[in-house]
There are 2 protein chains.
Amino acid sequence: MRKKQSAEKVAKRPDKSTSVKLDTGPLATSIGFALRMASFATTQRFHEAMRAFDLRPAQFGTLVLIAANPGVRQRDLSEALRIEKANFAGLLDNLERRNLVERRSEPEDRRRYAIHLTRDGQGLLRRACRAHDRMEAGFQKLLPARATKQFLANLARITVE
Amino acid sequence: MRKKQSAEKVAKRPDKSTSVKLDTGPLATSIGFALRMASFATTQRFHEAMRAFDLRPAQFGTLVLIAANPGVRQRDLSEALRIEKANFAGLLDNLERRNLVERRSEPEDRRRYAIHLTRDGQGLLRRACRAHDRMEAGFQKLLPARATKQFLANLARITVE
DNA sequence: TATTGTTATACTCTATAACTATA
DNA sequence: TATAGTTATAGAGTATAACAATA
């Protein structure tokens with residue numbers, strides 16, 4: 001993608017249709033901006049990796065959390081994923097229409113649903129997780145050796161409440 | 001906002017209307033997911049810090065890059081910020097209507113605009129940067145002492161191309 | 001009265017294609 | 001032909017309020 005600075009830009013004219021490296025000023029030391037850019041990059045990779053499964057980040061996260069917490073309540077899922085309950089209803093509708101998850105009513109509190117994966121959901125998630133793990137291995141290779149654990153811990157510190 | 005665990009939840013029934021900590025399964029070691037959550041958290045803080053200036057992340061980033069690169073071309077700005085040029089036109093329109101930036105036509109290539117901050121834009125940015133710096137100092141305090149530089153370097157490694 | 005989940009709505013963000021004017 | 005910038009549009013993501021059913 002990146003063309004090296006032509007050595008013979010001499011006489012003609014620069015005609016720099018190539019990308020220009022900008023001074024990022026105070027953004028160069030901005031944790032918020034760096035997180036934004038890094039998250040954008042990994043999200044792009046996520047979409048590539050999950051294209052075959054038609055799963056977006058929030059959908060994949062939902063399936064993973066259900067698998068790890070069978071029977072979890074809808075409200076706890078949406079809170080853990082930082083998704084408004086109003087928006088989460090539609091997300092779950094979509095996964096249920098695709099026969100990946102199942103809402104089971106709870107007799108002891110009939111306002112609540114216990115959410116479970118279907119067999120199809122388990123199967124799709126298993127394959128999606130393999131793609132996810134390959135993607136994550138690629139991210140780890142971008143970091144210094146044995147730096148991942150500390151990096152994840154620092155991200156968790158930033159992710160307060 | 002957060003209710004402390006009532007000490008007399010004793011006999012009655014748990015009635016856990018408080019939030020439940022879920023097992024995050026393979027997301028616990030997912031760099032992509034951790035970045036997503038951390039970026040979400042810092043973006044929330046950004047909106048609080050910038051409410052007084054009515055600047056969203058992309059708008060603030062735009063002003064900062066213009067200040068650091070006066071006369072920059074619109075295309076280079078949108079590329080640096082990873083914003084589609086089609087969407088960036090409207091963003092700049094908004095900043096121009098608010099008299100914060102100015103598009104100057106370039107005689108040597110009349111397709112291009114050279115983007116500059118107005119006096120108002122410089123003034124607003126100066127104040128916004130102070131709020132931004134305070135916010136960033138808050139983020140740094142969440143990290144171990146002297147860990148910021150390495151953390152930023154690792155974020156930059158993830159942000160490829 | 002408070003909580004779980006739903007519906008409706010609006011606003012922002014992102015992505016794509018088609019267009020103009022220039023080169 | 002290719003590039004800079006614009007317009008239009010559609011799809012996601014996000015936020016808020018109001019509601020029904022239940023506790």
Side-chain angles (χ1 to χ4, degrees), chain A residues 3 12-20 36-37 39-41 43-44 46-48 50-51 54-62 72-79 81-94 96 101 103-115, chain B residues 1 3 6 12-20 36-37 39-41 43-44 46-48 50-51 54-62 71-79 81-96 101 103-115:
Chain A
K3 197 173 295 180
K12 300 303 188 188
R13 204 194 327 175
D15 188 39
K16 41 175 170 176
S17 54
T18 48
S19 63
V20 168
R36 191 175 147 80
M37 292 293 108
S39 182
F40 185 86
T43 301
Q44 298 288 95
F46 182 94
H47 286 304
E48 295 163 17
M50 293 294 164
R51 187 156 302 142
D54 192 20
L55 289 176
R56 273 153 299 148
Q59 295 173 324
F60 177 73
T62 299
V72 61
R73 279 185 292 152
Q74 191 165 325
R75 167 181 169 275
D76 292 326
L77 274 179
S78 67
E79 275 190 9
L81 293 162
R82 262 73 160 184
I83 298 171
E84 289 296 327
K85 61 177 184 168
N87 301 322
F88 196 66
L91 190 157
L92 266 191
D93 284 347
N94 175 290
E96 205 168 26
V101 312
R103 286 171 168 105
R104 296 189 197 154
S105 36
E106 295 205 325
E108 72 266 22
D109 184 344
R110 290 165 52 219
R111 293 172 303 182
R112 297 178 181 169
Y113 288 120
I115 315 293
Chain B
M1 192 51 92
K3 198 172 293 180
S6 166
K12 301 303 189 189
R13 203 194 328 176
D15 189 37
K16 40 174 170 175
S17 53
T18 49
S19 63
V20 169
R36 191 175 147 82
M37 292 292 109
S39 182
F40 186 85
T43 301
Q44 299 286 95
F46 183 93
H47 286 305
E48 295 164 16
M50 292 296 164
R51 188 157 301 143
D54 192 21
L55 289 177
R56 272 154 298 149
Q59 295 172 325
F60 177 75
T62 299
V72 62
R73 279 187 290 153
Q74 190 166 326
R75 167 179 169 274
D76 292 325
L77 274 179
S78 68
E79 275 190 8
L81 293 162
R82 263 73 159 185
I83 299 172
E84 289 295 327
K85 60 177 185 168
N87 300 321
F88 196 66
L91 189 157
L92 266 191
D93 283 348
N94 175 290
L95 297 179
E96 205 167 25
V101 311
R103 286 171 167 107
R104 296 189 197 156
S105 36
E106 294 204 328
E108 73 265 22
D109 184 344
R110 292 163 53 218
R111 293 172 303 184
R112 296 180 181 168
Y113 288 122
I115 316 292

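Just so we're on the same page: letters track the sequence lines, and every chain starts at 1.
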Measure across [X] and [Y] and return the closest heavy-atom pair with its distance rounded to 0.1 Å.
X	Y	answer
A:P57	A:T43	CG-CG2, 4.4 Å
A:D54	A:Q59	O-OE1, 3.5 Å
B:S105	B:P107	O-CD, 3.6 Å

Rounded to whole Å, please give me the gap between [atom1] in [X] and [atom2] in [N].
X	N	atom1	atom2	value
A:D76	C:dT4	CG	C1'	11 Å
A:N94	C:dT7	CG	P	14 Å
A:E108	C:dT4	CD	P	14 Å
A:L91	D:dA12	CG	P	12 Å
B:R75	C:dA23	CZ	C1'	14 Å
A:R104	C:dG5	CZ	C1'	19 Å
A:D93	C:dG5	CG	P	12 Å
B:L92	D:dT6	CG	P	7 Å

Has B:F88 got more than 12 heavy atoms of other residues, nucleotides or ligands less than 6.0 Å from its CZ?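 Yes, CZ of B:F88 has more than 12 neighbouring heavy atoms, counting only those of other groups under 6.0 Å.
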
Could you work out, with side chain to side chain contact (heavy atoms under 4.5 Å, CB included) as the rule, every residue matching B:R110, not counting sequence neighbours? none

Counterpart residues, side chain to side chain contact (heavy atoms under 4.5 Å, CB included), relative to B:A58 (two or more places apart): A:R36, B:I83, B:L91

If only side-chain N and O atoms of [X] are considered, is one of them under 4.0 Å from the OP1 or OP2 phosphate oxygen of [N]?
X	N	value
A:Q74	C:dT6	yes
B:R103	D:dT6	yes
A:R73	C:dT4	yes

Would B:E79 and B:K85 count as a side chain to side chain contact (heavy atoms under 4.5 Å, CB included) here? Give the steps. CA-CA 8 Å; B:E79 275 190 8; B:K85 60 177 185 168; over 6 Å; no

If you fit an axis to the five pairs at each end of the helix from C:dT1-D:dA23 to C:dA23-D:dT1, how big is the angle between those two axes, to 10 degrees?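 The angle separating the two end axes equals 10°.
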
Test of understanding: with side chain to side chain donor-acceptor pair (under 3.5 Å), list the residues that count as partners of [X], not counting sequence neighbours.
X	answer
B:E96	B:R103
B:D109	B:R111, B:R112
A:E84	none

Going 5' to 3' through nucleotides 9-16 of chain C and flagging B where a protein heavy-atom sits under 4.0 Å of the base, S where only the sugar-phosphate is that close, and - otherwise, we get ---SSBBB

Detail all sub-3.5 Å separations between protein N/O atoms and N/O atoms belonging to nucleotides 18-22 of chain C.
unit_1: C:dT22; atom_1: OP2; unit_2: B:R110; atom_2: NH2; d: 3.3

Mind checking ring pair (Phe, Tyr, Trp, His ring centres under 6.0 Å) for B:F60 and listing every partner two or more places apart, or none if nothing turns up?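 So B:F60 forms a ring pair (Phe, Tyr, Trp, His ring centres under 6.0 Å) with B:F46, B:H132.
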
Would you say the side-chain atoms of B:Q44 pair up with the backbone N or O of B:A41, donor to acceptor, closer than 3.5 Å?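 Answer holds: no.
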
Want to settle it: does B:F88 or A:E106 sit nearer the 5' end of DNA chain D, counting the closest nucleotide to each?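 Result of the comparison: B:F88.
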
